[in-house]
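Single-structure report; data block below.
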Amino acid sequence: LAQTIQAKFQRLQFTPDMLPADLTGTLIYDQRSGQFNIKKGPIFANIILADEINRAPAKVQSALLEAMQERQVTIGEETLKLEEPFIVLATQNPIEQEGTYALPEAQVDRFMLKLNVTYPTKEEELKILRRMAFTRQSIVVNKITSPQDIVRLRSVVDEIYMDEKIEQYIVNIVESTRYPQKYNLADLKGLIQYGASPRATINLALASKAYAFLQGRGYVTPQDIKSIGMDVLRHRVIPSYEAEAEDKTSEDI
């Protein structure tokens, strides 16, 4: 992805002994000048892959909070802006595995989408085998656009029309996760520990606009919201202990 848009890519391998400064950077003392100089960390890139993010403790995961929300990093007394576009992709191992730490809710909420990656189909696995098992040749990726074009296209997505009824539909969906009884969903009340946050409303609107744009339309439909809604909401609706006892996931809810 980074190669196709000619952007800077950085893969971060999260480990239990990692420190926040390993991501953001730190102040280095220069004996000659007697000054502290900033040494930028690997987070200063366009596309970040936080690999196995739940292998690191919460304080390291939380080092990403400011970067993901404010698009900036504070080191010492200085605040440094990150280059646009800036996107964090993260992978995590199943929570039941040893040596993993659950992500704090505040951290999870910063991610716009959560995708469940399941096993590939037989046909897909055959392609993987043929591409990866028999050759060590690098896969050639063509540069098709630039970071400047991505930033420009974002302003186009902002212009996608969203009717007031569609906006109300989004707000109703999010509110129904907080107060299900108001929407004749009283049987769900005991299954939800925490409903979706206001970030869910914002991200559902943004993702729906982007989805409509990718479909070649200048307006958002209810189907756009249904198509992208699960990816926006599955990590923001927190099931209760009662739901877990009944083997019900946030997706079921």
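These numbers come from a predicted model, not from an experiment.
Side chains of Glu242 and Ile192 form no contact here, defined as non-hydrogen atoms less than 4.5 Å apart. Side-chain atoms of Val108 and Arg110, non-hydrogen and from C-beta on, never get closer than 4.5 Å to each other. Contact annotation: the side chain of Gln92 approaches that of Leu103 to within less than 4.5 Å [non-hydrogen atoms, C-beta and beyond].
Under a 3.5 Å cut-off, the side chain of Asn142 and the backbone N or O of Ile144 do not form any donor-acceptor pair. No donor-acceptor pair closer than 3.5 Å links the side chain of Lys8 to the backbone N or O of Ile47.
Classification of Glu84 and Arg154 as a salt-bridged pair holds, one side-chain N sitting under 4.0 Å from a carboxylate O.
Side chains of Asn54 and Gln61: a donor-acceptor N/O pair is absent below 3.5 angstrom, by distance only. A donor and an acceptor atom, one from each side chain of Asp224 and Ser208, are nowhere located under 3.5 Å apart. Thr74 and Glu66 form a side-chain donor-acceptor contact under 3.5 Å, judged by distance and modelled atom types alone. Side-chain atoms of Tyr119 and Glu125 include no donor-acceptor pair closer than 3.5 Å.
Surrounding OH of Tyr219 are at most 12 heavy atoms belonging to other residues, nucleotides or ligands under 6.0 Å away. Environment of CG in Asn184: sparse, with no more than 12 heavy atoms of neighbouring residues, nucleotides or ligands closer than 6.0 Å.
In this structure, Ile38 CD1 and Glu77 CD are separated by 10.0 Å, a value rounded to the nearest 0.5 Å. Between the CD1 atom of Ile53 and the CZ atom of Phe14 there is a distance of 4.5 Å, given to the nearest 0.5 Å.
Applying the side-chain contact (heavy atoms from CB on, under 4.5 Å) criterion to Asp109, with sequence neighbours excluded, gives Ser197, Arg199, Arg236.
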Q. After noting the C-alpha distance and the side-chain angles of Glu251 and Asn116, does the key distance pass the side-chain hydrogen bond (donor to acceptor under 3.5 Å, both in side chains) rule?
A. CA-CA 11 Å; Glu251 293 189 30; Asn116 283 340; 2.6 Å; yes

